[in-house]
Protein chains: 2
Amino acid sequence: MKREKNKELFRKFVSRQGLKSTRQRENILDVFVSTKQHMSVEELYEKLRAAHPGIGYATVCRTLKLFAQSGIAHEIHFGDGRTRYEPAAQGEHHDHLVCTGCGTIAEFENSTIEELQTAVADGHDFLIHSHKLELYGLCARCRK
Amino acid sequence: MKREKNKELFRKFVSRQGLKSTRQRENILDVFVSTKQHMSVEELYEKLRAAHPGIGYATVCRTLKLFAQSGIAHEIHFGDGRTRYEPAAQGEHHDHLVCTGCGTIAEFENSTIEELQTAVADGHDFLIHSHKLELYGLCARCRK
DNA sequence: TTTATAATGATAATCAATATCAATAAGGAG
DNA sequence: CTCCTTATTGATATTGATTATCATTATAAA
Ligand SMILES: [Mn+2]
Ligand SMILES: [Mn+2]
Ligand SMILES: [Zn+2]
Ligand SMILES: [Zn+2]
């Protein structure tokens, strides 16, 4: 299961980096892997406080950054000034449709687009490390 | 010429919206349309101060927002926390290759990608209003 | 001109993210 | 297990870009 896989990956990352395993990190890990996607730091912090009062905002920020470093999370910026995180699925990738009406996020994969991106980069003698593709607009419900 | 076109478009926007034509707006317009692309607010402010000491930072911010509203500028966020602006070419569109080594920005257009984006959106019953496609990586020089 | 209203610019406020730092916890050595 | 070094935590202060405030100034219509 993806959740357990990510938890295991993070524990290995902590060990490999000489970091320490702490109660807070485990708690944040638990909540994060079982969360709906694209949560802001604030949202995750509130969810965590409900289960683990006393947790610090700074610790949540720091730990989410570690999640991103370890590869189990992706940091996302939708342009509203809030950093969001989503659990990563190893070996998978997707981009986002963002409804500016209700804020709903849909996900999609399109291998042809990905290939064309690589072709474009090749033409510029450019080596892609990562990319961001976001489609902003209105979902069906918000258009009615 | 594109520069004069954009200046004219902005002046019409100002008139249409019942705004006032001011020395500051004209100065900012002059500098903006003749600028290299993807300048941060801070960079534009410094460039403006050189030619027009006394200009206020807040005025630069406000005016750049007006440029974006009027359609002669695009607001860009490359994820470094600084808002950038680039002159818009009416009826044209491009996306960006961002070198994480030296910060150089290359531009590209790919109509096939654009069509595929629309197809993806259609499949989700989603109406695209705008999109963001950025390819991050290393340019040829930074790879050597 | 006169006058109503918008714009300006100095400054304060905002807000998410990050840095600081004393107190606490982890975990290896003995 | 206990000691000890070092990392982590969380309260708080700070940062940095942007936005709001507001007294002063400028615009443009009457
Ligand atoms: Mn996603
Ligand atoms: Mn551009
Ligand atoms: Zn919607
Ligand atoms: Zn480069």
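Every chain is numbered from 1 and lettered A, B, ... according to where its sequence line falls, protein lines coming before strand lines. Values below: all heavy atoms of this structure, side chains included; hydrogens, waters and symmetry mates excluded.
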Please state how far atom CZ in A:Arg84 lies from atom C1' in C:dA16, giving the value in whole angstrom units.
13 Å

Round to the nearest Å and state the distance from A:Asn27 atom CG to C:dA25 atom C1'.
14 Å

Does a nitrogen or oxygen in the side chain of A:Thr22 sit under 4.0 Å from OP1 or OP2 of D:dT9?
yes

Compare the minimum distances between each of D:dT9, C:dG9, C:dT18 and the side chain of B:Arg62, then state the nucleotide with the smallest one.
C:dG9

To the nearest angstrom, the NE2-C1' distance between A:His77 and C:dA16 comes to 11 Å

Please tell me which of B:Val60 and A:Gly81 maps to the more 5' nucleotide of DNA chain C, matching each residue to the nucleotide holding its nearest heavy atom.
B:Val60

Whole-Å gap separating P (C:dA17) and CD (A:Glu43)
12 Å

Could you tell me how the ring of B:Phe10 sits relative to the ring of B:Phe13: parallel (under 30°), tilted (30 to 60°) or perpendicular (over 60°)?
parallel

With nearest nucleotide decided by heavy atoms, which residue, B:Lys20 or B:Tyr57, maps closer to the 5′ end of DNA chain D?
B:Tyr57

Hey, what's the ring geometry for A:Tyr57 with A:Tyr45, parallel, tilted or perpendicular (30° and 60° as the breaks)?
perpendicular

Sorted by position of nearest nucleotide on DNA chain D, 5' first, the leading residue of B:Val41 and B:Leu19 is B:Val41

Looking at every strand, decide which applies to A:Gly18 at a 4.0 Å heavy-atom threshold: base, sugar-phosphate, or nothing.
nothing

To the nearest angstrom, how far is A:Asp80 atom CG from D:dT18 atom P?
15 Å

Of A:Glu107, A:Glu43, A:Arg84, the one forming a side-chain hydrogen bond (donor to acceptor under 3.5 Å, both in side chains) with A:His38 is A:Glu107

When rounded to whole Å, the CG to P distance for the pair A:Leu48 and D:dG10 reads 10 Å

Mind calculating the distance between CD (B:Glu26) and P (D:dT27) to the nearest angstrom?
11 Å

Please work out which of the three classes, parallel, tilted or perpendicular, describes the rings of B:Phe32 and B:Phe67, given edges at 30° and 60°.
tilted

Could you state the atom-to-atom distance from CG of B:Leu64 to P of C:dT8 in whole Å?
12 Å

Which of these nucleotides, C:dA16, D:dT9, D:dT8, is closest to any side-chain atom of A:Thr59?
D:dT9

Ring centroid separation for A:His131 and A:His93, is it under 6.0 angstrom?
yes

Within less than 4.0 Å of OP1 or OP2 of D:dG10, is there a side-chain N or O belonging to A:Gln24?
yes

Output yes when at least one side-chain N/O atom of B:Arg25 is less than 4.0 Å from OP1 or OP2 of C:dT8, else no.
yes

May I ask you to verify if any side-chain N or O of B:Ser21 is less than 4.0 angstrom from the OP1 or OP2 atom of D:dT27?
no

Taking 4.0 Å as the cut-off, does a side-chain nitrogen or oxygen of B:Lys65 come that near to OP1 or OP2 on D:dT19?
yes

